[in-house]
2 protein chains.
Amino acid sequence: MTAMAPARTCTDLSFLLDHTSHVLRSRMAAALAEIGLTARMHCVLVHALEEERTQIQLAEIGDMDKTTMVVTVDALEKEGLAERRPSSTDRRARIIAVTEKGAEVAERSQVIVDRVHRDAIDSLPDDEREVLVRALTRLSREHLGTPVEAPQVVRRARQK
Amino acid sequence: MTAMAPARTCTDLSFLLDHTSHVLRSRMAAALAEIGLTARMHCVLVHALEEERTQIQLAEIGDMDKTTMVVTVDALEKEGLAERRPSSTDRRARIIAVTEKGAEVAERSQVIVDRVHRDAIDSLPDDEREVLVRALTRLSREHLGTPVEAPQVVRRARQK
DNA sequence: TATTGTTATACTCTATAACTATA
DNA sequence: TATAGTTATAGAGTATAACAATA
């Protein structure tokens, strides 16, 4: 399921945001899948290209857990798009180095991402485009800046 | 994790929609939890109050799977907020009848939902409020109306 | 044969716990 | 002691498969 449907609600902002983000996400996933990437792989590639970054740094940027990062980097390595290299300053850390093939793919994926976003924005009348982006930016920085964290799940120890 | 962070992207609409919807969802969940409801329970209560509806009808309205609906109705029954009643016209179907207590809770939950939405909208400058809602409504009806469906997961048969 | 609702459970996703190597 | 990265897996969420009752 995706979202809560509207009720007597003044404006069902929950529905609007859930629905639009879900559909956009599905479009993005489908578009990136055509060149064999997930949104996360794209995200890591792009930020790893900008400068030398470790897995932890890339995980923070993409708001992923470090264990999710491991899986994402595994996928990138398997496709020959990136490599783990030892950091010259910290022998615990791995720099994610984008390969030549990875750089090419990243360029293509950025075009795809931009197109999917532009198609959505351009579907709106002129006078709504700029304001939509401005309002969402403001919300995401201010009132809807940080999630209320859900109560921690206490988990029992691993077997063996 | 929540969203993909911005890149060189013109405007990272994915990030904006994912982030705002995620944070709003977390706020709504926290607010409704104070009276023991989930967003789904609220959704079912409200739509079951409007008119006589079966589980399937309520599932469609809330965009849930029928098996998710079973769980949601179980929760409502356990709390004494709703009851399953046989339909007078179709002996396979169950009408979800909201109890008196359920109606009271629904009234309170609707106040909560409206407040959470209003707080978000009111955090914006006057000139952005209306346009934001209009643009999101347009997107959710038109360009971002229907998700690209993901490839079906083929599952093996149940054991035994 | 098709549909409503139910149970059982397969699968995906995410993140905790525990561990190794290093700081 | 604390941190980067890894592995194993627990747990939540969701939806498919199968089934009983009924249309």
Sugar-phosphate, base or nothing in reach of B:Ser87, heavy atoms under 4.0 Å =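 No contact.
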Give one of base, sugar-phosphate or nothing for B:Arg94, where a contact means two heavy atoms less than 4.0 Å apart.
-> sugar-phosphate
Options [options], nucleotide nearest the side-chain atoms of [X]:
X	options	result
A:Arg92	D:dT22, C:dA23, D:dG5	C:dA23
A:Arg156	D:dA10, D:dT14, D:dT16	D:dA10
A:Lys66	C:dT22, C:dT14, D:dG5	D:dG5
A:Ala93	C:dG5, D:dT14, D:dA4	D:dA4
B:Asp65	C:dG5, D:dG5, D:dT16	D:dT16
B:Arg158	C:dG5, C:dT9, D:dG11	C:dT9
A:Val70	C:dA15, D:dT6, D:dA15	D:dT6
A:Ala157	D:dG5, D:dG11, C:dA18	C:dA18
A:Arg84	D:dT22, D:dT6, C:dT14	D:dT6

Just wondering, are more than 12 heavy atoms of other shown residues or ligands nearer than 6.0 Å to CZ in A:Arg108?
-> no
Rounded to whole Å, how long is the line connecting atom [atom1] of [X] with atom [atom2] of [N]?
X	N	atom1	atom2	result
B:Arg155	C:dT9	CZ	P	12 Å
A:Asp63	C:dT14	CG	P	11 Å
B:Arg85	C:dT4	CZ	C1'	19 Å
B:Arg40	D:dA15	CZ	C1'	11 Å
B:Asp74	D:dT14	CG	C1'	16 Å
A:Met64	C:dT16	CE	P	16 Å
B:Leu58	C:dT4	CG	P	13 Å
B:Met69	D:dA15	CE	P	14 Å

Does the base of D:dA15 carry an N or O that pairs as donor and acceptor with the side chain of B:Thr67 under 3.5 Å?
->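 Pair found.
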Look at the side chain of B:Arg91 and the base of D:dT22, then say whether one donor and one acceptor between them are separated by less than 3.5 Å.
-> no
Just by distance, do the side chain of A:Ser140 and the backbone of B:His19 share a donor-acceptor pair under 3.5 Å?
->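 No, A:Ser140 side chain to B:His19 backbone: no donor-acceptor pair under 3.5 Å.
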Could you tell me whether a side-chain N or O of A:Thr68 sits under 3.5 Å from a main-chain N or O of A:Met64, the two making a donor and an acceptor?
->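 No: the side chain of A:Thr68 does not pair with the backbone of A:Met64.
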Do A:Val133 and B:Ile121 belong together in a cluster built from hydrophobic side chains that touch within less than 4.5 Å?
-> yes
Should B:Gln55 be listed as having a side-chain N or O under 4.0 Å from OP1 or OP2 of C:dT6?
->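 Indeed, a polar side-chain atom of B:Gln55 lies that close.
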Is any side-chain N of the basic residue among A:Arg118 and A:Asp122 closer than 4.0 Å to the acidic one's carboxylate O?
->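 Judged by the 4.0 Å cut-off on N to carboxylate O distance, A:Arg118 and A:Asp122 do form a salt bridge.
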Go through the steps to decide whether A:Ser109 and A:His42 satisfy the test side chain to side chain donor-acceptor pair (under 3.5 Å), and finish with yes or no.
-> CA-CA 7 Å; A:Ser109 65; A:His42 163 78; 2.7 Å; yes
